[in-house]
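The block underneath contains the structure these notes are about, expressed in structure tokens.
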Amino acid sequence: MSTAGRFVDGSAQGGGTAGAAGAAGGGAGAAGAPARTKRWLVALDVDGTTMREDGVITDAVVAAVREAEAAGHEVMLSTGRSEGMTVPLLETLGIRPKYLVCANGALILGRREDGGYDRVHVERFDPSEVLQTIHGALENAAFGVEDETGHFLLSGNFPDDIMTVSGEHVPFERLLGVEATRVVVISPGHDTEDFLQVVERMGLHKVSYSVGWTSWLDIAPEGVTKATAMERVREWLDIPRSRVMAAGDGRNDIDMLRWASTSGRGVVMGQAPSDVVDAGNELTGGVTDDGLAAALDTLPR
């Protein structure tokens, strides 16, 4: 985070003077004039931002998300999750966004007239080369390949979660040649810093990748991130770059936070690692302290 960064309560960091809401733009005009809220595009990461680690989305966050949408802002999810793990969250949140970004930007869903969602943009790649590179470098790693429907082919031992339950366990060779939107690699034998070093040594220059909180690697098609997908959505909605806000906490959010921070607001959750904090221009409380709700409450009304 630059020295011009700020906290979401409006206090300056490193000598900045503008409050978060004031710097955001929009809102009320001259004294005595009626308030007119200009629409913002608000992109929310799910895990660690909207949702706690235990899978709970608190009442405070739900209320803040709904209030932001009711104020006229376009509030949407931008997540590494698959379509099937993302769409059901909208009922809990009580919002109906025009678009959803899934699979770390490889999949964009658009809302139909009946309220359902169709795949309106899909990025695919052949993961064979990168899978073979990682397979040779990481002993005992487990691999998952996700296609555009959200179906996972899994090789190796994954922790018990929705992906494992819905995925199909296959030999490693079955993963090669699949048209993938995302590849997931976990390596239980490495801590995060060690895993980062191993990944860097691989030189995965042909794909976009990010490392999660533990030894978890998300690999997307080359040049595809949450930021590229959000810029596409922003253009479709014709919302200026100065009125974009993104909130996230993980390394797969870094590009999206930088994208939002360029002209708008890149809000980093309080528990985020330092390299993620550096990507944003605002810092809010941690997910366990309803930091997202505090950030959303500063949007113009």
*For residues Met230 and Leu41, determine if any side-chain heavy atom of one lies less than 4.5 Å from a side-chain heavy atom of the other.*
yes
*Rounded to the nearest 0.5 Å, how far apart are CZ of Arg66 and CG of Leu93?*
7.5 Å
_Short side-chain to backbone donor-acceptor contact, His121 and Gly110, under 3.5 Å_ = no
_Heavy-atom closest contact (Gly285 atom, Met269 atom, distance)_ = O-CE, 3.5 Å
*Checking Glu83 side chain against Cys102 main chain: does a donor-acceptor pair fall under 3.5 Å?*
no
*Backbone N or O of Glu148 within a donor-acceptor pair of the Arg119 side chain at under 3.5 Å?*
yes
*asked:* Quick check on the hydrophobic clustering: are Leu90 and Val61 connected, directly or via other members, by side-chain heavy-atom contacts under 4.5 Å?
replied: yes
_Closest non-hydrogen atom pair between Ala246 and Met256, with its separation_ = CB-CG, 3.7 Å
_Shortest non-hydrogen separation from Ile57 to Thr50 and the atoms involved_ = CG2-O, 3.6 Å
_Consider side chain to side chain contact (heavy atoms under 4.5 Å, CB included). Of Val287, Leu292, Asp253, which one does Asp45 pass it with?_
Asp253
_Regarding Lys226 and Asp255, does a basic nitrogen lie under 4.0 Å from an acidic carboxylate oxygen?_
no
_Check for me, please, whether Leu217 and Phe125 land in the same ILVMFWY cluster - side-chain distances under 4.5 Å, paths through other members count._
yes
*Counting only N and O atoms by type, is there a donor-acceptor contact under 3.5 Å from the side chain of Arg258 to the main-chain atoms of Gly266?*
no
*Please report the shortest heavy-atom distance between Phe152 and Gly144, naming the atom on each side.*
CD2-C, 4.1 Å
*Compare every heavy atom of Val244 with every heavy atom of Ala260, then report the nearest pair and how far apart it is.*
CA-CG2, 3.9 Å
*Under 30°, 30 to 60°, or over 60°: which ring-plane class applies to His135 and Phe172, parallel, tilted or perpendicular?*
parallel
*Under 3.5 Å, side chain of Arg111 to main-chain N/O of Pro97, donor-acceptor pair present?*
yes
*Ignoring hydrogens and geometry, is there a side-chain-to-backbone donor-acceptor pair from Thr181 to Ala106 under 3.5 Å?*
no
*Under 3.5 Å: donor-acceptor pair, side chain of Ser128, backbone of Gly177*: yes
*Cluster question for you: counting only ILVMFWY and a side-chain heavy-atom cut-off of under 4.5 Å, with indirect links fine, are Val122 and Val87 together?*
yes
*Donor-acceptor contact present, side-chain Gln271 to main-chain Gly48, <3.5 Å*: yes
*Donor-acceptor under 3.5 Å (Asn281 side chain, Leu257 main chain)*: no
*Salt-bridge test for Glu179 and Arg124: reply yes if a basic N is under 4.0 Å from a carboxylate O, no otherwise.*
no
*Inspect the surroundings of CG in Asp118 and state if more than 12 heavy atoms from other residues, nucleotides or ligands are less than 6.0 Å away.*
yes
*asked:* Nearest 0.5 Å, please: how far is CG in Leu237 from CD in Glu74?
replied: 5.5 Å
*Shared ILVMFWY cluster between Val145 and Val185, side chains joined below 4.5 angstrom?*
yes
_Looking at every heavy atom in both Leu296 and Val42, which two are closest together, and how far apart are they?_
CD2-CG1, 3.8 Å
*Of Ile219, Val178, Leu176, the residue whose pairing with Leu131 passes side chain to side chain contact (heavy atoms under 4.5 Å, CB included)*: Leu176
*Would you call Glu69 and Arg96 a salt bridge, taking side-chain N to carboxylate O under 4.0 Å as the test?*
no
*Nearest-0.5 Å distance that lies between atom CG in Asp147 and atom CZ in Arg182*: 11.5 Å
